[in-house]
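Atom set for the values below is all heavy atoms of this structure, side chains included, hydrogens, waters and symmetry mates excluded. Residue numbers start from 1 in every chain, and the chains themselves are labelled A, B, ... in the order their sequence lines are given, proteins ahead of strands.
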Number of protein chains: 2
Amino acid sequence: MVNEREFLADYQPAAYPAVAVTVDIVALTIRDGRLCVLLVERAEHPYAGRRALPGGFVREEALDGAALRELNEETGLTRVHLEQLKTYGDPGRDPRMRVFSVAYLAFAPLLPEPEAGSDASGAAWVPVEQATGLAFDHDTILADGLDRARAKLEYTPLATAFAGDEFTISELRQIYAVVWGEELHAGNFHRKVLSVPGFVESTGQTATRGGERGGPKPKLYRAGDAKLLHPALLRPGREEDVR
Amino acid sequence: MVNEREFLADYQPAAYPAVAVTVDIVALTIRDGRLCVLLVERAEHPYAGRRALPGGFVREEALDGAALRELNEETGLTRVHLEQLKTYGDPGRDPRMRVFSVAYLAFAPLLPEPEAGSDASGAAWVPVEQATGLAFDHDTILADGLDRARAKLEYTPLATAFAGDEFTISELRQIYAVVWGEELHAGNFHRKVLSVPGFVESTGQTATRGGERGGPKPKLYRAGDAKLLHPALLRPGREEDVR
DNA sequence: TAAGTTATGCTCAAGTCGAGTTTTTCTCAT
DNA sequence: ATGAGAAAAACTCGACTTGAGCATAACTTA
C-alpha cells in the first residue's frame with residue numbers, strides 16, 4: 001500500500017492541488033533600547049491593511065537566497081545574520097490556496113535605515129510588544145522567532161550581530177537585557193563575557209567619551225571568532241524550568 | 001517596485017512553475033547498541049534502487065500530521081517524538097520539479113518492529129555510519145538531523161524517548177554514549193541525572209536481575225515531567241569550541 | 001566458590017555563579 | 001569649580017557544579 005501511494009505521488013504530482021511556497025522574515029533589531037521587528041502593511045487581500053511580516057513567493061532560487069532578497073528589498077540590508085526558523089503549512093493558513101511559508105530569522109545591527117524606502121509598502125520597525133494582530137499566522141511565527149532569538153543569545157555570540165563593528169561590554173549587556181527583558185548584573189556579565197573564549201576580542205581602543213550620564217571611557221571590543229559560547233551565558237530566573 | 005512584485009506574486013500564483021512539498025523523516029532508534037536511522041529503498045526514478053529517508057508528498061493535512069502519517073506507514077509507530085528539523089528547497093535537488101522538503105526528526109524507542117512490513121518498500125533500520133550515498137540531498141538532511149539530535153540530548157530529556165517506559169540509569173547512559181559516540185563517567189552521570197529536577201522519577205522498583213555480566217539489580221526509573229534539563233548535561237570534550 | 005562486572009555513593013580539587021563591594025573615571029547640574 | 005550621581009572594571013566570598021577517582025556491595029558467569 002505504501003508503494004502504491006508512493007507510486008502515485010511520484011508520478012502524478014500534477015494531480016495534487018496547486019501549492020505555493022513563500023518565505024517570511026522575522027527581522028529583529030534594537031532601536032531606542034527596545035526590541036523591534038520589521039513589519040509591512042498589506043495593501044491587498046487577504047488581510048488588506050493588516051500588518052504582516054515581510055516576505056514573498058520563492059522564485060527559482062535557494063530558500064536562503066529568497067529570504068535575503070526579500071529582506072534586502074525591504075531594508076536594503078545585505079550583510080545580516082539570517083537563519084531558517086521553521087516552516088508553517090497548516091491548510092487554511094492562507095485563504096487563497098495552500099501556502100507553505102518557510103520562516104527566517106534575521107538579526108540586524110542598529111538601524112541601518114530608520115524606515116524602508118519610506119515610500120509604498122510602509123515597512124517599519126515596530127517594538128515587538130506592539131506587534132500583535134498580524135496577518136495570517138504571523139503572530140505565531142513572530143512568537144516562535146522571539147523564542148529562538150532569546151534562546152540563541154544564550155549559547156551563541158549572536159548578540160554581537162545586533163551591535164556595530166565595535167562595541168562596549170555595556171552595550172552588549174544592554175542587548176541581552178533588551179532581548180531577554182531583564183537586567184543583568186553588570187559585574188558578572190563583564191567577567192563572563194571576557195572569560196568565554198572567542199566571544200569578544202579587544203580592539204585596544206576606548207570610547208571617546210564616557211556614558212551619557214557619567215562613568216569612565218569604556219574599552220571597545222569587536223566580535224570574536226567563536227560560533228558557540230562555552231560555557232553558555234545562561235538566562236537568569238529559569239530556576240523553575242519549563243515543565 | 002516592491003509593490004509591483006508583491007502584487008504580481010499575490011494575484012498570479014499560477015504563473016509560477018509548479019512546486020511540490022514533501023516531508024522527509026530522519027527517524028532514529030538504537031538497536032544493538034548502535035544508532036540507527038530508518039531508510040527505504042527507492043523503487044522508482046529518480047534514484048531508483050538508492051536508499052532514501054522515508055517521506056512523501058504532503059496532502060490536505062498539517063505538516064506535522066503528514067510526517068506522522070508517513071512514519072506510521074513505514075513503521076506502524078504512532079507515539080513517537082516528532083519535531084520539525086529544517087526545510088530544504090534548493091532548485092535542482094529533485095530532477096523532476098521544484099520540490100521543497102520539510103524534514104522531520106523522530107526518536108523511536110527501542111525497535112517497535114525489527115523491519116517494516118517486511119514486504120515491499122524494504123524499510124530498514126541502518127546504522128548511521130553505514131547510511132551514506134542516499135538519494136537526493138538526504139545525506140545532508142541526515143547529517144543535520146544527527147547534529148540536532150546530539151545537541152538536543154544536552155538540554156532536553158529527549159534521551160528518554162529512546163528508552164522504554166521504564167529504564168535504568170545505565171540504559172539511559174548507554175543511549176547518551178551511543179548517540180554521542182563516547183563513553184560517559186558512570187558515577188558522574190548517575191549523580192547528574194538524579195540531580196536535574198524532572199529528568200527522571202523513580203518507580204520504586206528494581207530490575208528483576210542484574211546486568212548481563214554481573215552487578216546488583218539496578219533501580220528503575222521513568223521519564224520525568226521536565227521539558228528542559230537545567231542545568232544541562234554537557235557533552236564532554238567540547239573544550240576547544242566550534243570556531 | 002572465585003573472578004569479573006556493575007550500580008550507587010563518596011571525596012576532593014578546580015571551576016563557575018550570583019550577589020555584593022570597591023575604586024576610579026566620567027558627565028551633568030549647580 | 002565642584003559635588004552628586006553613574007558607570008566601567010576589578011575583586012571577594014560563599015554556594016554550587018564538575019570531572020576524576022575511589023569504595024562498597026550486589027550480582028553474574030565460569
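In this pair, Y176(B) and W180(B) present their aromatic rings perpendicular. The plane angle is above 60°, beyond the 30 to 60° band.
Heavy-atom distances under 4.0 Å link DNA chain D to H185(B), N188(B), R191(B), K192(B) of residues 185-195 of chain B, given in residue order.
Here the two rings, on F100(A) and F100(B), have centers that are 6.0 Å apart or farther.
When each of R209(B) and L234(B) is assigned the nucleotide of DNA chain D bearing its nearest heavy atom, the one mapping closer to the 5' terminus is L234(B). Each of R213(B) and L220(B) has a nearest nucleotide on DNA chain C; the 5'-most of these lies closest to R213(B).
Chain B approaches DNA chain C within less than 4.0 angstrom (heavy atoms of the protein), and the contacting nucleotides run 5' to 3' from dG4(C) to dT11(C). When DNA chain D is scanned 5' to 3' for any atom under 4.0 Å from a heavy atom of chain A, the first and last hits are dG5(D) to dT12(D).
Of all heavy-atom pairs between L63(B) and Q84(B), the closest is CD1-OE1, 4.4 Å. A pairwise comparison of heavy atoms in L71(B) and A27(B) identifies CD1-CB, 3.9 Å as the closest pair. Nearest approach of P218(A) to R209(A), heavy atoms of both residues: CD-O, 3.9 Å.
Classification of E129(A) and R34(A) as a salt-bridged pair holds, one side-chain N sitting under 4.0 Å from a carboxylate O.
Counting heavy atoms from C-beta outward, F199(B) and L172(B) have side chains that approach closer than 4.5 Å. For the pair D64(A)/V23(A), no side-chain contact is recorded, criterion being any heavy-atom separation below 4.5 Å from C-beta on.
Rounded to the nearest 0.5 angstrom, F107(A) CZ and L158(A) CG are separated by 4.0 Å.
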(request) Check the pair Y88(B) / D144(B) against side chain to side chain donor-acceptor pair (under 3.5 Å), numbers first and verdict last. (result) CA-CA 11 Å; Y88(B) 300 79; D144(B) 289 349; 2.5 Å; yes
